[in-house]
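Some notes on the structure that comes next.
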Amino acid sequence: MNGNGKPRVSIIGGVAGGASCATRLRRLSESAAITIFERGPYVSFANCGLPYYVGDVISDEKHLLVATPGLFRKRFNIDVRVQNEVRSIDRSKQEITIKDISTGDIYREGYDTLVLAPGASPICPPLPGVQLPGIFTLKTIPDSRQIREWITQRGVERAVIVGGGFIGLEMAENLVKRGVSVTIVEMLPQVMPALDAEMAVPLQDHLIANGVTLALGDAVSSFDEGPDGTIEVKTKSGHNYASDMVVLAIGVRPEIGLAREAGLEIGERGGIRVDEYLRTSDPHIWAVGDAVEVRDFITGSRINVPLAGPANREGRIAADNIMGREVKFRGIQSTAICQVFDMTVAATGISEKVIRRAQATGQSIPYDKVCLHPGHHVSYYPNSTPMTIKLIFATPDGRILGAQAVGGEGVDKRIDVISMAIQRNSTVFDLEQCELCYAPQFGAAKDPVNIAGMIAANALRGDAPVSHWEALDLDGSLILDVRQSGEYEAGHVPAAVNIPLGELRERLGELARDRRVFTYCSVGQRSYYATRLLRQHGIEASNISGGFRCYQAWKQTQRGPQ
Ligand code: FAD
């Protein structure tokens, strides 16, 4: 309690998780003495907007400031101390030691409740030359300001981005918008590691179409000073990319230094361990945001996912629990979205990659998947754009495990709907039946979400089983291409025989009755009709999910980095 008998809540970190926690605390208690300690010069700023400030989409830095210390004081009676870094926690005395960075003063403050919301810091690999001027990470407003100044003052023409995840891709787009020629060096054979490889293929094509050079499956080995202040980025494969600036975007690491030194429990994923109420191993200390590891909503295992939504929700829930309400954090679904030029990519739940990793550790997750390529609204209404949706579901019950989508407009709403379905433990049978708003501009009477559910439900019921390219013996199987002959001639799976759908009834005799027929068309719709037709004529048939379009993406993943 402070001198006035008010409970003292100290919060370390004043952006997403910390600021949400502070303001929710105030809404629940007028009497608490709430203090935010923030190391940087700003609180509650829009770190998600930083790439767009670099790209000049957001041109005024002030627009990145969601709230100021003055607003916190006036509106919420919260004491915000920027440029005040918490240096240590003395749990036995319930005290923290703080350094006022502007004056150099060190002082101590007592707390009744402490909230850790220190976030995560960008990973800076210990490579030779990594400290050279012109090599940046992006986390704060001053970081983005420095990058902007460097671009202008140096007349940057070429940039290398190390890492092809969310921040790397957003930076690529924004640098291209500023006229910079961009190369992305990514250690994995694909961009956007959260996606399954075949779902990243359209994104990679789109980046290349927008002038970005991709160096996939290659890792940076060193940075050397080149002529005239340029930076030579050398890679393990022996490539050398000359550039005027470098952005390191290879991920973030939870800031756990304070917690570890204070003896708080750290989890197996390297984040601060919290229970479902977001309480740490010390009953007086709570932790939220990028620094913590929480339960994966689907697998139940511990994960650390640096996303703004969970950080904000956790801040709010921690405040509820601090004030005596018992609210459980349900876990993280990893729902995320990113726009890259005109393409949107989004995902929720777990990917096949995550399932395979879990299976490698002995966890059993029986699953199947479907892939479809619907328009974002009906094709007869102008400007319908295609998207690719991959839906992953448990077998045999059909519980939805995850979804990924890539396309243009409407990707966000499909993934959001499926995200909510996952949170309610819904099944593909629920997606079949879900009622979504429809007019021609917005979707279809059978929305892509319904269609995804219908394809999966048809498979689970055995009406139209699905097969997958990577699981097929492409030489030994009877593969039936039901597209028109012109489409077949323009490109087909080598061993496939062609009987267009419209001729199939009359030509059934050409198919051996003792062999399973694997049907495909362009996207999977005509082959679904063919599968139903064949099965009703007593021929074992299944539909190869996603059709020729998925075949091409899958083949591209097989060829490896170009
Ligand atoms: P932060 O918001 O990082 O806040 C932690 C604060 O704690 C920092 O300001 C830090 O200075 C302060 N701090 C740390 N240690 C101390 C200390 N000892 N004393 C005092 N203060 C301390 N997420 C999305 O969901 N969507 C996006 O589009 C998106 N885009 C992003 C773009 C960029 C460039 C970045 C960097 C992140 C982006 N994120 C995005 C991630 C999102 O910003 C984070 O997940 C979220 O901010 C985490 O909130 P947090 O409160 O845990 O940490």
Side-chain angles (χ1 to χ4, degrees), residues 10-22 35-55 58 64 66 80-89 96-101 109 114-123 136-144 147 161 163 165-171 174 194 247-249 251-259 261-262 271-272 274 278 287-294 304-316 318 332-340 344-348 412:
S10 294
I11 299 173
I12 304 175
V15 189
S20 295
C21 184
T35 309
I36 295 178
F37 298 92
E38 170 52 56
R39 179 172 60 193
Y42 305 103
V43 273
S44 202
F45 67 91
N47 28 22
C48 307
L50 297 178
Y52 305 95
Y53 179 49
V54 172
I58 300 169
L64 295 169
V66 181
V80 175
R81 301 187 198 167
V82 291
Q83 296 202 287
N84 275 251
E85 181 177 31
V86 177
R87 289 297 184 87
S88 63
I89 304 166
I96 50 177
T97 303
I98 305 115
K99 178 175 182 178
D100 184 332
I101 296 167
E109 289 257 341
L114 183 65
V115 180
L116 306 180
S121 46
I123 295 172
F136 301 95
T137 55
L138 182 62
K139 162 82 182 163
T140 63
I141 292 180
D143 292 342
S144 58
I147 296 174
I161 294 173
F166 287 92
I167 295 178
L169 297 191
E170 288 179 355
M171 281 302 291
N174 280 288
V247 179
L248 299 173
V252 295
R253 196 170 279 136
E255 287 238 14
I256 55 164
L258 276 177
E261 279 159 31
I272 301 169
V274 288
L278 301 164
V288 300
D290 287 1
V292 303
E293 55 177 60
V294 288
N304 167 251
V305 181
L307 287 172
N312 276 275
R313 289 201 310 283
E314 288 163 14
R316 178 183 167 93
I332 286 195
Q333 286 172 237
S334 306
T335 307
I337 189 162
C338 181
Q339 179 162 11
V340 188
T344 306
V345 51
T348 184
D412 54 344

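Remember, it's 1-based here, ligands and their atoms both numbered in the order they're listed.
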For ligand 1, the portion of [X] having any non-hydrogen atom under 4.0 Å away:
X: Cys338; answer: neither
X: Ile12; answer: side chain
X: Ala311; answer: side chain

Protein residue, atom and distance nearest to [atom], heavy-atom basis:
atom: atom 31 (C) of ligand 1; result: Cys48 CA, 3.5 Å
atom: atom 45 (O) of ligand 1; result: Asp290 OD1, 2.8 Å
atom: atom 21 (N) of ligand 1; result: Arg39 N, 3.0 Å
atom: atom 7 (O) of ligand 1; result: Gly13 CA, 3.2 Å
atom: atom 18 (N) of ligand 1; result: Val86 O, 3.0 Å
atom: atom 50 (P) of ligand 1; result: Gly17 N, 3.9 Å
atom: atom 24 (C) of ligand 1; result: Ala308 N, 3.5 Å
atom: atom 33 (C) of ligand 1; result: Asn47 O, 3.3 Å

Taking all non-hydrogen atoms of both residues, which atom of [X] and which atom of [Y] are closest, and how far apart?
X: Ala291; Y: Ile256; result: O-CG2, 4.0 Å
X: Asn174; Y: Pro51; result: CG-O, 3.0 Å
X: Asp290; Y: Leu307; result: OD1-N, 3.5 Å
X: Ile11; Y: Gly18; result: CG2-CA, 3.7 Å
X: Thr348; Y: Gln333; result: OG1-NE2, 3.6 Å
X: Ser121; Y: Glu255; result: CB-OE2, 3.6 Å

Inset, instruction - Measure the distances from the heavy atoms of Asn84 to every atom of ligand 1 and state whether one is below 4.0 angstrom. - result: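 Yes, Asn84 has a heavy atom closer than 4.0 Å to ligand 1.
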
Atoms of ligand 1 close to [X] [distance to a heavy atom under 4.0 angstrom, numbered from 1]:
X: Leu258; answer: 18 (N)
X: Gly289; answer: 52 (O)
X: Ala16; answer: 2 (O), 46 (C), 47 (O), 49 (O), 51 (O)
X: Leu307; answer: 23 (N), 24 (C), 25 (O), 45 (O)
X: Phe37; answer: 20 (C), 21 (N)
X: Glu38; answer: 6 (C), 7 (O), 8 (C), 9 (O), 10 (C), 11 (O), 12 (C), 20 (C), 21 (N)

Legend entry - Test salt bridge (Lys or Arg N to Asp or Glu O under 4.0 Å) applied to Glu109 - qualifying residues, sequence neighbours left out: Arg81

Legend entry - Residues that Tyr52 engages under ring pair (Phe, Tyr, Trp, His ring centres under 6.0 Å), provided they are two or more places apart: none

Inset, instruction - Among Leu116, Ile89, Ile96, find the one that has a side chain to side chain contact (heavy atoms under 4.5 Å, CB included) with Ser10. - result: Ile96

Legend entry - Spatial distance of atom CD (Gln83) from atom CD1 (Ile98) [nearest 0.5 Å]: 15.0 Å

Inset, instruction - Before giving the answer on salt bridge (Lys or Arg N to Asp or Glu O under 4.0 Å), spell out for Glu314 and Arg316 the whole-Å C-alpha distance, their side-chain angles and the decisive distance to 0.1 Å. - result: CA-CA 5 Å; Glu314 288 163 14; Arg316 178 183 167 93; over 6 Å; no

